[in-house]
Amino acid sequence: MVNPWKIIKLSLIVSLMWLSTTMESSLLAAGTIVSIQDFESPAGTPTMTFTSSGGATITGSTGTGDRPASSPYFTSGTTAWAVRNGTSVLTFSNNSSLGLCTDKYFQFDLAAWSISSTGNGMDAADVVTVEISLDGGSTWSREATIQGNSNANWNYSASGSATVTYDGDNSPTNFQPAGGGTRTTDGYSKVRIDLPNSCTQARIRITMLNNSSGERWSIDDVELIATCTASCSPATQPTTNASGISVSPGCSSAQINFTGGNGANAIILMSTSCPISGTPTDQNAYSSSATFGAGATIGAGNYVVYNGAAGSTIVTGLSPGTTYCFKIFEYNGAIPNCEENYLTSGVTTTTFTTSTSCASPEIRSILVNACTVSEGFDELVIFENGASALDIDDISIDFPNGGTFCNSGCSSKTLTNNATYINSLNTLAGCTLFQYANPIPAGAIVYVFTGLNPTMTFDFSSECPGGGPYYVIFANNTTDSGGRFANNAGATRTLSIDFGSSTDNVTYTSNSSNTGTDGDYVSFDNGGTPSYGNFANCAVVLPVEWGYFNIEPKGNSAWINWSTLSERENDYFVIEYVTEPGVPFKQLGKVKSQGVSSTEQHYSFFAEDLPEALCYFKIKQVDMNGEYSFSDIAVAEISSMDMQPVKVDVLSDQTTIRFNHEIKRNSTVRITDLAGKLLYNEVYYQGSKEIKLDGEVNGLMLISIEHPMQEPKFFKLIAPKYKR
């Protein structure tokens, strides 16, 4: 999903790859009910409609001979939904346009009744199953089950809470009372499923099963709760579709090139089911991944493999000898899950078939004309490895200009690693995309940089998450020598790579119409047929030269500090952050810039009410004409708690560890002794300041507390010997 040679004015950022219902969002307060089904007539609003199989509405209360006795079947109004001696499946309507909302969760009230007897209730075979879909109902994941036990029963006043965080693995967390009879603390009257902040739509499906006329499940007030903080409407819809579409298929990957229409961006939707029938929905941002099958789905089997400006992308994860098809949808809109307006009419399907000649490595793409004056350092070659691992010592690259680079017989012109530059690539991208390996794995995509230390900053952030891995080799080149491809002369050029057991040669034309401009590239299919493309306006003057960038956490707030070494036509800075890599950044505030300066300028911004999480920050620089660029990403953990274990009580049958702050809900706590024996491994679904271990513990304990939204915390603690 990379936009090759995507230019943002911060660092000449360049990348080459061979590669429901819509509603207008409105301002809501924290913890607002986005939709509800209370089973009343008329239903509460905004209404979450549902379809059902089995079960029916119920009113009134239990009798004196039931358990719990004389308790209402509902929690609000006069009506709930119940099933007795059967199965009821309730599938609720999709909730879309959730991208601007955070702290999203489904919840409902649940009761288990003993009917016409004090000794009936739910057994182990009686189960409530909760499923969640984040793609409109195409796929579902079981997230929680609530199970009976020995005629257990409880009403809505029971204090048990079955709370889980959505993980999408279709392996539910099970909740079960410890015993039978009327339950209080472990009667699970409240069920809650926390949703990921990145989701843009969500549905819930509830299945209730009991197998006796002496049992009844009932639920009430199924709600979607969220905090939605912005108001928006769709941007203007584009009127012109993408054109100039070409594909260079390989064995397990394919390069797609296209000229954009008049939309600001485009998504590419790919499938093996042709023609593609799915279409994107306005006001929905779709996460993409250049690895086929890892991006968002729009209809079953249709995956978003690209989301960005016009250009080129490599799609990986394909199968040899397989037919694929794709559509390119233009859209406008800068605010994710808010302004997207897709052009869906007149979009054609393009079909291609991957190669079956996959035994040997093949050259896939060349950046033949770099976007800087340092041609020899800033060009690229991309090849796809064959069916066997490839030793770098077996590679010999004969460039059209500048000689041959290899590791035996090429003097100082060797092929090597540059761990520092690889780290900078991954840091800017925001995930681990690139790595060095020798030998190179079979089928890998390999980037060969023509300079040991490229002067250009290559940005692959649109690949995160889900892209790669890609393998990197650097030509040990310290002289420019007019570039490795010498395009200014105008002629036919040939690049040859000897892979030890095979050789691949590709030929292209170097002239003003093909490779005469900065940003020109050539891609090749397995037969060596060239396709030409260009990413214009990549040579620009840097508006900002960045200095330091650091974060100083202060409880739930933070000082964000940065400096510039020089500025040119700079207007202002926007401070942005996220708590999950790969999701759209949120704006914290703006700071007016100096504008023009040749000396170091210092800036600070105080951000308040940040979430307790590992936060990722970056600075967006906006110049006078509205163009913008970004700083690197800085990471800091925001937490108002300095959690420490403060006391250990050891008895003959129990050891209690007390903390100075409450352990956050959904934290996983693991305790081992010095020998590595696991003493404790539990998930805290409700906050607590205590951990209780069965039996006596002596000596050193190692404690880890892990929360999905924070860095793990580790402690060493010595338990005193129990005094008998």
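For reference, positions follow the sequence shown, starting with 1.
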Q: Drop me the distance from Tyr548's OH to His602's NE2, to the nearest 0.5 angstrom.
A: 5.0 Å

Q. About how many Å separate CZ of Phe449 and CG of Leu367, when rounded to the nearest 0.5 Å?
A. 10.0 Å

Q: Check Leu269 against Ile276 and note the closest heavy-atom contact, atom names and distance.
A: O-CD1, 3.0 Å

Q) Which pair of heavy atoms, one from Tyr342 and one from Ala285, lies closest together, and at what distance? A) OH-CA, 4.2 Å

(Q) Run the side chain to side chain donor-acceptor pair (under 3.5 Å) test on Asp135 and Gln201 for me, step by step, so that the C-alpha distance in whole Å, both residues' side-chain angles and the decisive distance to 0.1 Å come before the verdict. (A) CA-CA 7 Å; Asp135 57 11; Gln201 55 182 323; over 6 Å; no

Q. Under 6.0 Å from the six-membered ring centre of Tyr572 and within 45° of its axis: does the NZ or CZ of Lys592 meet both?
A. no

Q. Is the shortest heavy-atom distance from the side chain of Phe549 to the side chain of Tyr603 under 4.5 Å?
A. no

Q: Under the side chain to side chain contact (heavy atoms under 4.5 Å, CB included) rule, what do Leu195 and Asp103 come out as? Steps first, then yes or no, please.
A: CA-CA 7 Å; Leu195 303 174; Asp103 301 323; over 6 Å; no

Q. Any idea which heavy atoms bring Leu380 and Thr450 closest together, and the distance?
A. N-CG2, 4.2 Å

Q) Going through the checks in order, is the side chain to side chain donor-acceptor pair (under 3.5 Å) test met by Tyr508 and Asp520? A) CA-CA 12 Å; Tyr508 61 94; Asp520 281 347; over 6 Å; no

Q. What distance separates Met270 CE from Ile298 CD1, expressed to the nearest 0.5 Å?
A. 13.0 Å

Q: Step by step, work out the side chain to side chain donor-acceptor pair (under 3.5 Å) result for Asn332 and Thr236.
A: CA-CA 6 Å; Asn332 286 320; Thr236 303; over 6 Å; no

Q: Please round to the nearest 0.5 Å and tell me the distance separating atom CG of Leu452 and atom CG of Asn477.
A: 8.5 Å

Q. Which is it for Asn418 and Asn453 under the side chain to side chain donor-acceptor pair (under 3.5 Å) test, yes or no, and what are the steps along the way?
A. CA-CA 8 Å; Asn418 185 337; Asn453 292 288; 3.0 Å; yes

**Q.** Minimum heavy-atom distance Lys104-Asn197, with the two atoms named
**A.** NZ-O, 2.9 Å

Q) Does some side-chain heavy atom of Val247 sit less than 4.5 Å from a side-chain heavy atom of Gln255? A) no

Q: Kindly compute the distance separating OG (Ser604) from CD1 (Ile560), expressed to the nearest 0.5 Å.
A: 9.5 Å

